[in-house]
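Only one structure is covered here, and it is reproduced in the block below.
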Amino acid sequence: MTIIEAGPGAAVGTATAHHEHLIHKHSAHNYHPLPVVIAQAAGAWVTDVEGRRYLDCLAGYSALNFGHGHPALVAAAHDQLDRVTLTSRAFGSDQIGPFCAELAALVGKEMVLPMNTGAEAVESGLKVARKWGYEVKGVPEDRARVIVAAGGFHGRTISIVSFSTDPDARGGFGPFTPGFDVVPYGDRAALAAAITPDTVAVLIEPVQGEAGVVVPPAGYLAAVREICDATGVLFVADEVQSGLGRTGHVLATRAAGVDADVYLLGKALGGGIVPLSAVVADAAVLGVLRPGQHGSTFGGNPLACAVGRAVLELLSDTGPHGMLARAARLGEVLQHALAALVGSGVVAVRRSGLWAGVDVDPRLGTGRKVSERLVRRGVLVKDTHGSTIRLSPPLVITPEELVSAVDALAEVLAELG
Ligand SMILES: *Cc1c(COP(=O)(O)O)cnc(C)c1O
């Protein structure tokens, strides 16, 4: 196959058109994909069905933190494929115990509830928080309430969209699950005022990812911890996107010197190979679940656990050559490159580790338009909320590749200006 670099004016070829037609005709229209049909990928690069190569600066919304086909992760998957892939939780496997022990140790908690998708981790965390509220805190039956933050994103199930503040996420999906109170993100006074004797948990993202990499004001996470401690409420940190390396740390809350009671993990936990998510907490919290009260056929399957263990192994390297240090170093390169664009088509940049939200001057066009132009220049990103571009490249990207992606953004902005 000949490799043709994507460039301005690259035509959408017939193979792309063919697949786009099939996708449009037969796959539900719950997404509006950019005009790229990927056939292959390695590291930070993907190749489309026409043989054009693109630098992947979305990385599966951080599910691909370690890049496409990381050799250690692929080897773990291959190895486990030949042994056993699924046992169901009716039986034990020789992968689930070590996986849960290793994840608990990495997070500094006692127990793990393995699930599959991020939304399931959130749902499971909410069930655990409610049950803890009734059994441990003593909230009267069916009165438990959970406080969440406006602008947050936690998944797509009915209960989760019940507390979403995004009209697209909610519209047409009622009736909604009761028991949630929404407060402004980053506002500690509003949070303190919203707590009632029936509040069992505060569920927040330490950095709001889908909202456009919104970093809370300094001291906010510590204030959430203090408020939860003072009122006997669980602090549930949704680190499905912020966790496992993206911010240069295993956990974004820990980077702020704060420990949550319950951690929700997903995305990168499955190494971009399998869906794998988890609720991580101490036995005093997760111990409220007893047989028959929660479950999942695929949750904690040996294939996912084997890949997850290889992910944890990558994250356990805290030295200068590890993924965490790499994310932190690359984050500074990204910051430096993006700072030069502020005032030249970019209104604001927010960043945490190798993760940035770039607000494009709305007069230049929508984030969608900028993303489409970037595709033509061989860079994959995704817009969010109107004129924001979110950059979350794989941590294996090189500094030169990263700078080239920002250069492409600068060219697109100049072209639109
Ligand atoms: C992506 C995401 C989820 C949902 O994960 P899925 O695997 O898509 O269900 C939940 N919380 C946060 C913070 C996320 O970014």
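What you see is a predicted model; the values in this text were computed from it and never measured. First listed ligand is number 1; within each ligand, the first listed atom is number 1. These values consider heavy atoms only, across backbone and side chains, with no hydrogens, waters or symmetry-generated copies.
- Look at D317 and R326 and you find no salt bridge, because none of the NZ, NE, NH1 or NH2 atoms lies under 4.0 Å from a carboxylate O.
- Each of Q241, H70, R246 was compared with N65 under the side chain to side chain donor-acceptor pair (under 3.5 Å) criterion, and only R246 meets it.
- Atoms of ligand 1 lying under 4.0 Å from at least one heavy atom of F153, given by number and element, are 1 (C), 2 (C), 3 (C), 11 (N), 12 (C), 13 (C), 14 (C).
- Not a single heavy atom of Y61 sits less than 4.0 Å from an atom of ligand 1.
- Using a 4.0 Å cut-off between heavy atoms, K267 contacts ligand 1 through its side chain alone, with no backbone atom that close.
- With respect to atom 11 (N) of ligand 1, the closest heavy atom belonging to the protein is D238 OD2, 2.7 Å.
- Under a 4.0 Å N-O distance rule, the pair E372/R368 qualifies as a salt bridge.
- Using a 4.0 Å cut-off between a side-chain N of Lys or Arg and a carboxylate O of Asp or Glu, E210 and R390 qualify as a salt bridge.
- Nearest protein heavy-atom contact of atom 4 (C) of ligand 1 is A119 N, 3.6 Å.
- We find that D198 and R145 are not joined by a salt bridge, their nearest charged nitrogen and carboxylate oxygen being 4.0 Å or further apart.
- Considering backbone and side-chain atoms alike, E210 places every N or O at 3.5 Å or more from each N or O of ligand 1.
- Near E205, the atoms of ligand 1 lying under 4.0 angstrom from a non-hydrogen atom of the residue are 13 (C).
- Within ligand 1, the atoms closer than 4.0 Å to a non-hydrogen atom of G118 are 4 (C), 5 (O), 6 (P), 7 (O), 9 (O), numbered from 1 in the order shown.
- Of the possible polar contacts, none joining the Q80 side chain to the V307 backbone as a donor-acceptor pair under 3.5 Å is found.
- For F176 and F163, the distance between ring centers is not under 6.0 angstrom.
- For atom 6 (P) of ligand 1, the nearest protein heavy atom lies under 4.0 Å away.
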